[in-house]
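Below: one structure, written as structure tokens.
No hydrogens, no waters, no symmetry mates; every other heavy atom, side chains included, goes into these values. Predicted model only: the values in this text are computed from it and were never measured.
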Amino acid sequence: MDEKLDEKVINEKAESGIEQVSETEEPPQHKDGDQATLEQSTDGAIDTPTGEVEASSEKTGSLIEETRNQAQLAELSQQIIELKTQLTRKVDQYTRLAAEYDNFRKRTNQEKEDLRLKVKCSTISDLLPVVDNFERAKSHIHPQTEAETSIHNSYQSIYKQLEEKFKQIGVSAMECERKDFDPNLHEALLREPTDQASEGTILEELVRGYVLGDCVLRHAKVKVAVAPKPAIED
């Protein structure tokens, strides 16, 4: 009985000691003002470095973007300069080619015209003896009968057609008599001393000359007046 009472007393004392220890170890309580101050100081210590980092990052990003834009602008400016140089070169090349082509076209057209005129003059020159024969026949043949007159009129009509065709293509006969002798147009076959005309005057056309524009198809063969020799006195 006494042992149970002693055990009970011991348990009560143990529980009492545990409660005293618990009360002693309660954490100290802070006042409301101290807690707010602590929180503000903590927040400030955390917020301030973060804001500076963000501002610095934005500034750095802006500088990088500006540098990149300047580099792109410089590159585009260089490309524009190169394109302008290429354009100037191409314009110069086009101008030279256009001038060369224009000169080539003019030269080719002139060569074609010269060749065409040369062929035309050669062909017409070969026909001039035929014209001469018609003219000789006209001046020498005197038909006596009606049949001869009919034949004469027939080939004279052919001669007239030939003359018309010559006029259409620009061939014309020279008018030489009583004009001054020109070696570019005339060929002197005879010289006749006379005081009836000045020296160098064409007295007679022996063979008719022809021209095609500025081209001489055949020089006119003429007789030219020369000054008479002075009389020799005895």
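With hydrogens and angles ignored, the 3.5 Å screen pairs a side-chain donor or acceptor of Gln144 with a backbone N or O of His142. Side chain of His219 to main chain of Asn184: a donor-acceptor pair is present (N/O by atom type, distance under 3.5 Å, no hydrogens or angles). Side-chain atoms of Ser150 never come within 3.5 Å of backbone atoms of Glu146 as a donor-acceptor pair (strictly under, hydrogens ignored).
A 4.5 Å side-chain heavy-atom check between Val131 and Phe166 finds at least one atom pair inside the cut-off. Between Leu185 and Met174 there is a side-chain heavy-atom pair separated by less than 4.5 Å. Leu190 places a side-chain heavy atom less than 4.5 Å from the side chain of Leu206. Between Cys176 and His186, the closest side-chain pair of non-hydrogen atoms falls below 4.5 Å. Looking only at side-chain heavy atoms (C-beta outward), Ser77 and Ile80 stay at 4.5 Å or farther from each other. Within the 4.5 Å cutoff, the side chain of Val222 has heavy atoms near those of the Val224 side chain.
Ring-plane geometry between His152 and Tyr155 is classed as perpendicular, the angle between the planes exceeding 60 degrees on a 0 to 90 degree scale with a lower cut at 30.
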Practice item. Any chance you could lay out the side-chain contact (heavy atoms from CB on, under 4.5 Å) test for Asn153 and Glu148, step after step, and finish with the verdict? Key: CA-CA 9 Å; Asn153 293 335; Glu148 293 177 352; over 6 Å; no
Exercise for review: Take Gln86 and Leu83, measure what side-chain contact (heavy atoms from CB on, under 4.5 Å) needs, and give me the verdict at the end.
Suggested key: CA-CA 5 Å; Gln86 293 178 6; Leu83 290 174; 4.0 Å; yes
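The stretch residues 206-217 participates, sequence neighbours left out, in these salt bridge (Lys or Arg N to Asp or Glu O under 4.0 Å) pairs: Glu135-Arg208, Glu205-Arg208. Residues in residues 79-90 take part in no salt bridge (Lys or Arg N to Asp or Glu O under 4.0 Å) pair, two or more places apart or across chains.
Just one residue in the list Leu117, Val119, Ile124 forms a side-chain contact (heavy atoms from CB on, under 4.5 Å) with Cys121, and that residue is Leu117. Applying the side-chain contact (heavy atoms from CB on, under 4.5 Å) test between Leu217 and each of Leu212, Val211, Leu127 identifies Leu212 as the sole match. Applying the side-chain contact (heavy atoms from CB on, under 4.5 Å) test between Thr108 and each of Gln110, Arg105, Lys112 identifies Lys112 as the sole match.
Listed here is the closest heavy atom pair of Phe134 and Ile158: CZ-CG2, 3.9 Å. Heavy atoms only, all atoms of each residue included: Thr194 and Pro228 are closest at O-CD, 3.3 Å.
Between Asp114 and Arg107 there is no salt bridge, since no side-chain N of the basic residue sits under 4.0 Å from a carboxylate O of the acidic one. Lys106 has a carboxylate O that lies under 4.0 Å from a charged side-chain N of Asp102, or vice versa, which qualifies the two as a salt bridge. Between Glu163 and Lys160 there is no salt bridge, since no side-chain N of the basic residue sits under 4.0 Å from a carboxylate O of the acidic one.
If you take CZ on Arg191 and CZ on Phe181, they are separated by 7.0 Å, rounding to the nearest 0.5 Å. The distance from atom CD of Glu177 to atom NZ of Lys223, rounded to the nearest 0.5 Å, is 9.5 Å.
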